[in-house]
Trainee: 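Can you keep this structure in mind? I'll have questions shortly.
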Amino acid sequence: MKTLQEIVSGAKRLVFFGGAGVSTESGIPDFRSTDGLYNQTYAYPPETILSHSFFEMHPKEFFRFYRDKMLCLDAKPNKAHKKLAELEKKGILAAVVTQNIDGLHQKAGSKSVFELHGSVHRNYCMECGKFYPAEYILASKDVPRCECGGIIKPDVVLYEEGLDDATVRGALREISNADVMIVAGTSLTVYPAAGFLDYFRGRELVLINRDPTPADRRASLVIRGKVGQVLDEITV
Ligand code: APR
């Protein structure tokens with residue numbers, strides 16, 4: 001912790017790169033831990049359900065799973081989200097790059113957030129483009145329909161879909177300009193997101209993760225712990 005404190009205090013442009021493990025302390029399960037979403041049993045593997053072709057072929061089944069497992073609208077920001085928002089306010093943290101779609105960083109007050117996999121809080125009609133909030137999707141039955149009759153699609157990157165260009169460019173710009181990067185709560189197994197680490201050219205790479213990750217050997221500091229608890233101990 002002392003080393004982490006020194007690294008953060010000495011950072012000129014700190015960037016945070018996070019995954020589902022940042023939200024587990026808010027009660028949102030991650031994907032690949034033993035109690036994670038991908039280790040529970042469903043009619044189809046969750047990675048299949050959360051794919052573009054499944055959305056197209058079985059929209060009713062997709063939305064049943066999506067409402068049940070991907071919409072945790074009463075989840076609150078935890079200590080990790082709050083500390084990151086505080087570090088941004090103090091001018092130490094330049095940006096959060098997240099794979100999460102829960103919007104908790106913004107709820108905690110973070111302004112510069114790059115949502116690589118989109119957000120449950122943005123939903124658009126596939127016909128007319130009309131915007132709908134997540135609450136509308138949660139309250140809808142079967143396949144959510146726009147008043148024009150079109151299907152409303154969540155602005156979430158499904159398997160087989162590409163990431164948003166502007167978001168990718170912004171995230172890579174921040175990562176390549178950072179002198180310190182903290183990577184936390186991610187198994188770094190899903191590309192292209194996991195490959196974004198290759199754009200980091202700064203001094204200190206810090207890994208805070210409960211389980212080992214493929215980037216551990218590249219890090220100057222690896223902390224095996226809960227990211228909320230660890231970040232909460234940083235003083236600025
Ligand atoms: N503190 C620190 N690490 C944690 C915590 C915690 N409180 N809770 C879980 N972890 C770690 C787990 O050990 C695991 O290595 O977070 C990691 C979560 O990994 P995944 O479940 O694979 O989540 P993530 O890396 O975000 O998945 C990436 O996969 O399915 C896609 O689009 C989905 O964005 C997701 C992507």
Side-chain angles (χ1 to χ4, degrees), residues 1 4 16-40 42 44-55 62 65-66 68-72 75-84 96-105 108 113-122 153-164 167-168 171 181-197 205-219 221-234:
M1 279 315 298
L4 176 62
F16 181 83
F17 182 96
V22 177
S23 292
T24 51
E25 291 162 76
S26 295
I28 302 178
D30 66 12
F31 296 95
R32 295 173 182 82
S33 290
T34 36
D35 58 345
L37 199 57
Y38 292 170
N39 292 318
Q40 298 165 28
Y42 302 95
Y44 304 85
E47 282 106 318
T48 303
I49 301 174
L50 294 172
S51 70
H52 185 84
S53 34
F54 192 94
F55 174 86
F62 170 87
F65 180 89
Y66 180 82
D68 185 32
K69 294 293 172 190
M70 307 303 283
L71 286 184
C72 314
K76 302 267 177 298
N78 63 52
K79 291 174 182 170
H81 301 106
K82 290 175 184 161
K83 180 60 73 176
L84 291 166
V96 166
V97 179
T98 183
Q99 299 168 88
N100 298 346
I101 59 175
D102 54 37
L104 289 180
H105 286 293
V113 181
F114 294 90
E115 296 171 307
L116 300 180
H117 293 161
S119 169
V120 298
H121 295 289
R122 295 187 299 270
K153 186 174 185 293
D155 185 26
V156 169
V157 179
L158 301 176
Y159 281 101
E160 301 160 9
E161 291 181 343
L163 277 60
D164 172 70
T167 307
V168 169
M181 180 148 99
I182 298 178
V183 176
T186 176
S187 60
L188 293 172
T189 44
V190 171
Y191 284 79
F196 281 29
L197 268 59
L205 175 65
V206 177
L207 243 299
I208 305 172
N209 207 61
R210 201 187 51 213
D211 297 323
T213 80
D216 288 355
R217 58 182 167 24
R218 280 192 267 165
L221 174 65
V222 176
I223 301 178
R224 284 266 165 281
K226 296 178 81 168
V227 54
Q229 277 171 9
V230 170
L231 291 186
D232 193 44
E233 289 182 38
I234 294 173

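Note that ligands are numbered from 1 as they come in the structure, with each ligand's atoms numbered from 1 the same way.
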Trainee: Verify the distance criterion only: is there a donor paired with an acceptor across the side chains of Arg210 and Thr24 at less than 3.5 Å?
Mentor: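 The criterion, which ignores hydrogens and geometry beyond distance, is not satisfied for Thr24 and Arg210.
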Trainee: Which value, rounded to the nearest 0.5 Å, describes the distance between Lys153 atom NZ and Leu158 atom CG?
Mentor: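 Spacing of NZ (Lys153) from CG (Leu158) equals 4.5 Å.
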Trainee: Using distance alone, determine whether Glu25 and ligand 1 share an N or O pair under 3.5 Å.
Mentor: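 There is such a contact, yes.
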Trainee: Is it the case that ligand 1 has an N or O less than 3.5 angstrom from some N or O of Gly19?
Mentor: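 No, since none of the N or O atoms of Gly19 sits under 3.5 Å from an N or O of ligand 1.
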Trainee: With heavy atoms under 4.0 Å as the rule, classify the contact between Tyr159 and ligand 1 as side chain, backbone, both or neither.
Mentor: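 Answer for Tyr159: side chain.
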Trainee: Does Pro46 have a non-hydrogen atom less than 4.0 Å from ligand 1?
Mentor: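 Heavy atoms of Pro46 never come under 4.0 Å of ligand 1.
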Trainee: Check each of Asn39, Thr186, Val22, Val230 against atom 17 (C) of ligand 1 and report the one with the nearest heavy atom.
Mentor: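 Among Asn39, Thr186, Val22, Val230, the closest heavy atom to atom 17 (C) of ligand 1 belongs to Thr186.
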Trainee: For residues Cys72 and Ile28, report the shortest heavy-atom separation together with the two atoms involved.
Mentor: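 Looking at all heavy atoms of both residues, the shortest contact is CB-CG1, 3.8 Å.
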Trainee: If you take all heavy atoms of Asp102 and Ser23, which pair is closest and at what distance?
Mentor: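 Answer, listing the atom of Asp102 first, then Ser23: OD2-OG, 2.5 Å.
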Trainee: Look up atom CD in Glu115 and atom NE2 in His105, then write down how far apart they are to the nearest 0.5 Å.
Mentor: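 Glu115 atom CD to His105 atom NE2 measures 8.5 Å (nearest 0.5 Å).
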Trainee: Counting from 1, what ligand 1 atoms have a heavy atom of Gly185 closer than 4.0 Å?
Mentor: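 Result: 3 (N), 16 (O), 17 (C), 18 (C).
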Trainee: Among all protein heavy atoms in this structure, tell me which lies nearest to atom 8 (N) of ligand 1, with the distance rounded to 0.1 Å.
Mentor: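 In this structure, atom 8 (N) of ligand 1 has Thr24 OG1, 2.9 Å as its nearest protein heavy atom.
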Trainee: Among all protein heavy atoms, pick the one closest to atom 30 (O) of ligand 1 and tell me residue, atom and distance.
Mentor: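 Answer for atom 30 (O) of ligand 1: Tyr38 OH, 2.4 Å.
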Trainee: Give the atoms of ligand 1, by number and element, whose distance to some non-hydrogen atom of Ser33 is under 4.0 Å.
Mentor: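 Reading through ligand 1 atom by atom, the close ones are 12 (C).
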Trainee: Return the residue, atom name and 0.1 Å-rounded distance of the protein heavy atom closest to atom 2 (C) of ligand 1.
Mentor: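 Of the protein heavy atoms, Gly225 O, 3.1 Å lies nearest.
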Trainee: Has ligand 1 got any nitrogen or oxygen that is less than 3.5 angstrom from a nitrogen or oxygen of Ile208?
Mentor: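 There is no such contact.
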Trainee: Is there a donor-acceptor contact under 3.5 Å linking the side chains of Thr34 and Asn39?
Mentor: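 No, no side-chain donor-acceptor pair sits under 3.5 Å.
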Trainee: Tell me the closest heavy-atom pair linking Ile234 and Lys83, and the distance in Å.
Mentor: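 Residues Ile234 and Lys83, closest heavy atoms: O-NZ, 2.8 Å.
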Trainee: For atom 36 (C) of ligand 1, what's the nearest protein heavy atom and its distance?
Mentor: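 The closest one turns out to be Val190 CG2, 3.8 Å.
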Trainee: N/O of Asn100 under 3.5 Å from N/O of ligand 1, yes or no?
Mentor: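 No, Asn100 has no N/O under 3.5 Å of an N/O on ligand 1.
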Trainee: Of Phe54, Phe62, Phe65, which is the lone residue that meets ring pair (Phe, Tyr, Trp, His ring centres under 6.0 Å) with Tyr44?
Mentor: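 Among Phe54, Phe62, Phe65, the one that satisfies the ring pair (Phe, Tyr, Trp, His ring centres under 6.0 Å) with Tyr44 is Phe54.
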Trainee: Return a yes/no value for Asn209: is any of its N or O atoms, backbone included, closer than 3.5 angstrom to an N or O of ligand 1?
Mentor: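 Such a contact does occur with ligand 1.
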Trainee: Quick one: which of Glu47, Lys226, Arg32 has a heavy atom closest to atom 29 (O) of ligand 1?
Mentor: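 The option holding the nearest heavy atom is Arg32.
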Trainee: Heavy atoms only: which of Gly18, Ser23, Gly21, Ala20 lies closest to atom 24 (P) of ligand 1?
Mentor: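 Comparing heavy atoms across Gly18, Ser23, Gly21, Ala20, the nearest one to atom 24 (P) of ligand 1 lies in Ala20.
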Trainee: Quick check for you: to the nearest 0.5 Å, what is the distance between Phe31 atom CZ and Thr189 atom OG1?
Mentor: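 Rounded to the nearest 0.5 Å, the CZ-OG1 separation comes to 10.0 Å.
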Trainee: How long is the gap from CD on Gln229 to CG on Asp232, to the nearest 0.5 Å?
Mentor: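 Between Gln229 CD and Asp232 CG, I get 8.5 Å after rounding to 0.5 Å.
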Trainee: Let me know which of Thr186, Leu188, Leu197 forms a side chain to side chain contact (heavy atoms under 4.5 Å, CB included) with Thr213.
Mentor: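 When side chain to side chain contact (heavy atoms under 4.5 Å, CB included) is applied between Thr213 and each of Thr186, Leu188, Leu197, only Leu188 qualifies.
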Trainee: Do you know the tightest heavy-atom contact between Lys69 and Gln40?
Mentor: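 Shortest heavy-atom separation between Lys69 and Gln40 comes out as NZ-OE1, 3.4 Å.
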Trainee: Check Asp216 with Arg224, please: is the shortest side-chain N to carboxylate O separation under 4.0 Å?
Mentor: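 Judged by the 4.0 Å cut-off on N to carboxylate O distance, Arg224 and Asp216 do form a salt bridge.
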Trainee: So which of His117, Gln229, Arg210, Gln99 gets nearest to atom 3 (N) of ligand 1, if we judge by its closest heavy atom?
Mentor: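 Checking each option, the heavy atom nearest atom 3 (N) of ligand 1 is found in Arg210.
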Trainee: Considering only non-hydrogen protein atoms, determine which one is nearest to atom 1 (N) of ligand 1 and report residue, atom name and distance to 0.1 Å.
Mentor: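 Looking only at protein heavy atoms, the one closest to atom 1 (N) of ligand 1 is Val227 N, 3.0 Å.
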Trainee: How far is atom 9 (C) of ligand 1 from its nearest protein heavy atom, and which residue and atom is that?
Mentor: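 Scanning the protein heavy atoms, the shortest distance from atom 9 (C) of ligand 1 goes to Asp30 OD2, 3.3 Å.
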Trainee: For atom 19 (O) of ligand 1, find the nearest protein heavy atom and state the residue, atom name and distance (0.1 Å precision).
Mentor: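 Checking every protein heavy atom, the shortest distance to atom 19 (O) of ligand 1 gives Ser187 N, 3.3 Å.
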Trainee: Counting non-hydrogen protein atoms only, what is the nearest one to atom 13 (O) of ligand 1? Give residue, atom name and distance.
Mentor: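 Answer, as residue, atom name and distance: Asp211 OD2, 2.7 Å.
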